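See below for the structure under consideration.
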2 protein chains.
Amino acid sequence: MKTRDKIIHASIELFNEQGERNITTNHIAAHLGISPGNLYYHFRNKEDIISAIYAEYADDLISQFQRLSDTENPLDSILQYMDIVFQLISKFRFFYSNLPVLLSKNPSLKKRYSEIQREIIKKVSSMLVSLKEAEILNIREEELDDLTCLLRITTTFWLSYLQTQHDEPKIDDAALYQGLMKIFALLSPYVTDSAREDFEKARGHYRELEQQAAESAVTA
Amino acid sequence: MKTRDKIIHASIELFNEQGERNITTNHIAAHLGISPGNLYYHFRNKEDIISAIYAEYADDLISQFQRLSDTENPLDSILQYMDIVFQLISKFRFFYSNLPVLLSKNPSLKKRYSEIQREIIKKVSSMLVSLKEAEILNIREEELDDLTCLLRITTTFWLSYLQTQHDEPKIDDAALYQGLMKIFALLSPYVTDSAREDFEKARGHYRELEQQAAESAVTA
DNA sequence: AATCTTTTTGAGTATTTACTTTAAGCGCGT
DNA sequence: ACGCGCTTAAAGTAAATACTCAAAAAGATT
């Protein structure tokens, strides 16, 4: 691996573990056994590292979305989609734990964040429309924006919420599935009678996955 | 006003405006025209100031809740309650913009935060139960915890969400009413037919308030 | 007025932190 | 072997920052 990539990955790791604020460029260099000068050969400054991390996040997001199997079932689509979003937020959780502060410090980062968010809004909205057209959800036109917004707040801040709840927040697969269960809870009141059975089946499936993940976390 | 209180209030103001991270103890002292030594006579360190701010927040919260008019109408109750919560979060928004980071840095603060959150969960749950018993909301027992959680995530992170959305986030009354509208959106699918009319009336009322606030913000 | 306590000053310090600079090492084509 | 460009090292530095301390000022008490 190139030094530049090693710096990026060590930074993600250290930031997630100890918080971006508590990790200096010297820490990162020491962790990798390289000199600070070397780090600054590859990056102009710390902000530059964070921007590079965000670029990696954005690349991940796009490539994962493209890999998203083009299923016939719109319910599966949105669940797969939410799964990806939760996993990416988990991988870059230092960023989301600190979202307003990191964005306000770095206007160009905020711009790129906004662009990607706009894509996400479009995607979520169109998925909800698909669900409505497939008569899986019964959403009125004027409810669509609010529901999109609530879905986004829940996904974006789910891990932050967990971190405020527990003393030693363990961000594992079980935590992500718990977040997915909140997505089910949000959609549940809108599910049509005809789709209820499938919906509850999918919900039960993810509930099982959550419990399996919780158990394997305990034994591990 | 005593110096200690002046320090607390200047800190809240500066933290909200420029972020806790960008404000040093020397800044606070300079802003007040006092010496750093004086500041450190009243507070052991910066964390101590943040803890004192949180104490003020907690006091505000408790006194506001006690002042909450003991209305017969459970719908009014939860709306008044949410209004208070949004206003307090706005007043201490630097804290919520940074919640996971600030809490993880300060275990004793996290403990106090958790205690207060436990009270809030109890209160929100009991309000939802009242709404169910008054046949305003049609919530099943097993849906209650999820809905409580979603209400809490939405209120806690509403301002953080807004800050990530706009380039120059203006946190005014209109922004808070928009948050309240999301609470309506969350509850709406559960509203019973018999209560629908009252619910939509209240919703329309707050929508008007939001628009008035938005207009007066433009003219101001 | 004298004494004691509380508050405030302001110059200072130890440490941290982001970042620089100069020079050396390394791979590689010729 | 030599030169060239890319990469790395090591030793820094300037600025910021949280915090201290001895002494002065202000206020209270008798």
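If you're wondering where the values come from, they're calculated on a predicted model, not measured in any experiment. Here is the naming used below: chain letters follow the sequence lines, and residue numbers restart at 1 for every chain.
- Remark: C1' of C/dT9 and NE2 of B/His42 are 12 Å apart, rounded to the nearest angstrom.
- Within 4.0 Å of A/Asn26, counting heavy atoms only, lies at least one base atom of the nucleic acid.
- Checking the phosphate oxygens (OP1, OP2) of C/dG10, no side-chain nitrogen or oxygen of B/Ser35 falls inside 4.0 Å.
- Atoms CD and CG, from A/Glu17 and A/Asn22 in turn, are 12.0 Å apart once rounded to the nearest 0.5 Å.
- Across the protein-nucleic acid pair, B/Asn45 atom CG and D/dT20 atom P stand 8 Å apart, rounded to whole Å.
- At whole-Å resolution of the value, OH in A/Tyr40 and P in C/dC19 are 4 Å apart.
- Side-chain N/O atoms of B/Thr25 include one lying less than 4.0 angstrom from OP1 or OP2 on D/dA18.
- In summary, A/Asp60 and A/Lys91 engage in a salt bridge, as defined by a charged side-chain N under 4.0 Å from a carboxylate O.
- Spacing between atom CG of B/Asn22 and atom C1' of D/dT17 amounts to 13 Å, rounded to whole angstrom units.
- With the nearest nucleotide of DNA chain C identified for both A/His27 and B/Arg4, B/Arg4 has the one nearer the 5' end.
- Across all strands shown, B/Leu39 has no heavy atoms under 4.0 Å from either base or sugar-phosphate atoms.
- In this structure, A/Ile28 places its CD1 atom 12 Å from P of C/dT17, rounding to the nearest Å.
- One interatomic measurement links the two molecules: NZ of B/Lys2 to P of D/dA26, which rounds to 16 Å at whole-angstrom precision.
- A salt bridge links A/Glu20 with B/Arg21: at least one charged nitrogen is closer than 4.0 Å to a carboxylate oxygen.
- Rounded to the nearest 0.5 angstrom, A/Glu215 CD and A/Glu210 CD are separated by 10.5 Å.
- An OP1 or OP2 oxygen of D/dT8 is reached within less than 4.0 angstrom by a side-chain nitrogen or oxygen of A/Thr3.
- Going from atom CD1 of B/Ile23 over to atom P of D/dA16 covers 14 Å, rounded to whole Å.
- Using a 4.0 Å cut-off between charged nitrogen and carboxylate oxygen, A/Arg112 and A/Glu115 do not count as a salt-bridge pair.
- When heavy atoms are screened at a 4.0 angstrom cut-off, B/Asn38 is found touching base atoms of the nucleic acid.
- If you measure from atom OH of B/Tyr41 to atom P of D/dA22, you get 17 Å, rounded to the nearest angstrom.
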